[in-house]
Amino acid sequence: IKLDNIISDSEIRYTTDGSEPTKSSMLYKEPITLNLDKGNSVILKSRTFMPNGRKSSVHTGEFIRLEWKESFSLDSPETGLSFDYFEKEVFTIEEITGEPDRTGVISKVKLPDDLENNFFLLVLSGYIKVPEKAVYNFELSTARGKGILCIDEMNVVDNTSELSRYNQQTGKIALKKGYHKFNLKYFTSSHGKLGLSCSYNNIEMKEIPASWFFH
């Protein structure tokens with residue numbers, strides 16, 4: 001793991017046990033090697049300390065040893081993702097229950113048309129068909145909202161820790177070529193924006209096209 005910052009004469013301190021980094025934590029000098037056991041994760045937290053005594057916010061990463069996810073065989077899937085739309089206020093993903101106010105099919109990861117500019121939540125579900133065996137790096141953008149992306153029932157990207165004007169997080173998963181279960185939950189208090197991109201096998205980060213989604 002390589003850590004860096006743009007502040008000269010500062011130092012990075014880090015922990016790998018989930019605790020908050022302090023001035024006495026391990027000093028970062030060179031890239032860190034993490035020993036990952038199957039089924040267990042390592043929480044890496046880092047913080048920049050400046051000569052004048054100021055310190056940055058804590059940056060957190062969770063690292064898990066990836067196992068290849070097998071693809072699914074589907075008979076005549078239809079294009080697009082199914083969506084459930086709820087007009088109500090929630091504060092956590094766990095509160096997304098009950099019957100939706102609206103259902104339908106949408107071509108890709110985005111907000112449906114003609115949404116009310118108030119509290120709402122959206123659940124997108126179906127399958128994503130990846131073109132080759134690779135470690136996929138997904139980038140979830142949830143402007144003015146919170147969201148969580150699950151693929152093959154694995155939590156890949158979690159943007160639920162804070163509600164900011166523009167929240168963007170990334171996460172990786174190892175997928176074999178073909179269809180994989182897809183689920184994305186998003187909720188907001190205003191008409192926000194939603195987007196999903198990915199990169200793999202040295203291909204740059206791009207928005208995922210509609211041709212990848214099925215239900």
Side-chain angles (χ1 to χ4, degrees), residues 41 43 59-72 74 77 79-86 90-97 100 103-112 115 120-189 191-201 203-215:
S41 64
I43 303 296
H59 298 272
T60 303
E62 180 178 11
F63 297 86
I64 303 170
R65 180 177 175 177
L66 297 177
E67 302 295 332
W68 290 105
K69 297 288 186 180
E70 298 287 343
S71 59
F72 289 83
L74 302 181
T79 58
L81 295 167
S82 300
F83 74 81
D84 292 336
Y85 170 75
F86 303 79
V90 299
F91 297 97
T92 66
I93 292 294
E94 290 72 25
E95 296 178 68
I96 302 179
T97 59
T103 63
V105 175
I106 196 165
S107 61
K108 60 180 181 179
V109 175
K110 64 176 184 176
L111 298 180
L115 297 185
F120 70 86
L121 58 98
L122 183 70
V123 180
L124 304 179
S125 58
Y127 292 86
I128 183 171
K129 186 180 182 182
V130 297
E132 55 188 277
K133 180 181 179 181
V135 175
Y136 288 82
N137 183 31
F138 288 92
E139 182 178 82
L140 177 63
S141 302
T142 55
R144 295 190 294 276
K146 295 184 178 184
I148 186 167
L149 169 66
C150 293
I151 296 178
D152 288 341
E153 301 179 354
M154 174 181 168
N155 181 347
V156 179
V157 186
D158 190 337
N159 281 4
T160 61
S161 60
E162 59 181 288
L163 182 59
S164 60
R165 184 171 179 81
Y166 187 76
N167 194 6
Q168 189 176 70
Q169 301 289 342
T170 62
K172 291 181 172 64
I173 185 171
L175 302 175
K176 290 189 175 182
K177 179 181 179 179
Y179 297 97
H180 295 268
K181 290 182 179 179
F182 181 94
N183 184 272
L184 195 159
K185 296 181 176 71
Y186 170 81
F187 62 92
T188 183
S189 59
H191 200 153
K193 293 183 179 180
L194 178 64
L196 184 64
S197 302
C198 81
S199 63
Y200 62 98
N201 286 354
I203 296 176
E204 64 180 8
M205 186 73 68
K206 293 182 180 179
E207 180 183 8
I208 300 176
S211 60
W212 285 29
F213 296 113
F214 296 85
H215 70 285

Item checked: Working for side-chain contact (heavy atoms from CB on, under 4.5 Å), residues Leu66 and Met154 -> CA-CA 11 Å; Leu66 297 177; Met154 174 181 168; 3.9 Å; yes
Next item on the list: Assess the pair Tyr136 and Tyr200: is the distance between their ring centroids shorter than 6.0 Å?
Entry: yes
Next item on the list: Measure up the Tyr85 and Phe120 rings against each other and bin them: parallel (under 30°), tilted (30 to 60°), perpendicular (over 60°).
Entry: tilted
Next item on the list: Using the side-chain contact (heavy atoms from CB on, under 4.5 Å) rule, take Leu196 and Trp212 through it: C-alpha gap first, then chi angles, then the decisive distance, then the call.
Entry: CA-CA 12 Å; Leu196 184 64; Trp212 285 29; over 6 Å; no
Next item on the list: Drop me the distance from Ser71's OG to Tyr127's OH, to the nearest 0.5 angstrom.
Entry: 11.5 Å
Next item on the list: Indicate the atoms forming the closest heavy-atom contact of His180 with Lys69, along with that distance.
Entry: CE1-O, 3.1 Å
Notebook entry, point to check: Which atom names give the shortest non-hydrogen contact between Leu122 and Pro112, and what distance separates them?
Noted result: CD2-CD, 3.7 Å
Item checked: Derivation of the side-chain contact (heavy atoms from CB on, under 4.5 Å) call for Val109 and Phe182 -> CA-CA 11 Å; Val109 175; Phe182 181 94; 3.7 Å; yes
Item checked: Non-hydrogen atoms of Asp152 and Glu70 that approach each other most closely -> OD2-O, 4.0 Å
Next item on the list: Kindly indicate, with the supporting measurements, whether the criterion side-chain contact (heavy atoms from CB on, under 4.5 Å) is fulfilled by Lys206 and Cys198.
Entry: CA-CA 6 Å; Lys206 293 182 180 179; Cys198 81; over 6 Å; no
Notebook entry, point to check: For Lys129 and Phe214, which heavy atoms make the closest approach, and how far apart are they?
Noted result: CB-CE1, 3.9 Å
Check: Is there a side-chain contact between Tyr179 and Pro77 (heavy atoms, below 4.5 Å)?
Finding: yes
Note to self: A side-chain contact here means heavy atoms from C-beta on lying under 4.5 Å apart; do Ile128 and Phe213 qualify?
What the structure shows: yes
Check: Under a 4.5 Å cut-off applied to non-hydrogen side-chain atoms, are Lys146 and Asn159 in contact?
Finding: no
Notebook entry, point to check: Does some side-chain heavy atom of Tyr186 sit less than 4.5 Å from a side-chain heavy atom of Leu111?
Noted result: yes
Next item on the list: Work out which heavy atom in Ile151 is nearest to a heavy atom in Ile173; give both atom names and the distance.
Entry: O-CD1, 3.6 Å
Item checked: Shortest non-hydrogen contact between Ile208 and Lys108, atoms and distance -> O-CD, 4.2 Å
Margin query: If we check side-chain contact (heavy atoms from CB on, under 4.5 Å) with Leu140, which of these qualifies: Ile148, Val156, Asp158, Leu184?
Written below: Leu184
Next item on the list: Only counting residues at least two apart or in another chain, list the ones meeting salt bridge (Lys or Arg N to Asp or Glu O under 4.0 Å) with Lys133.
Entry: none
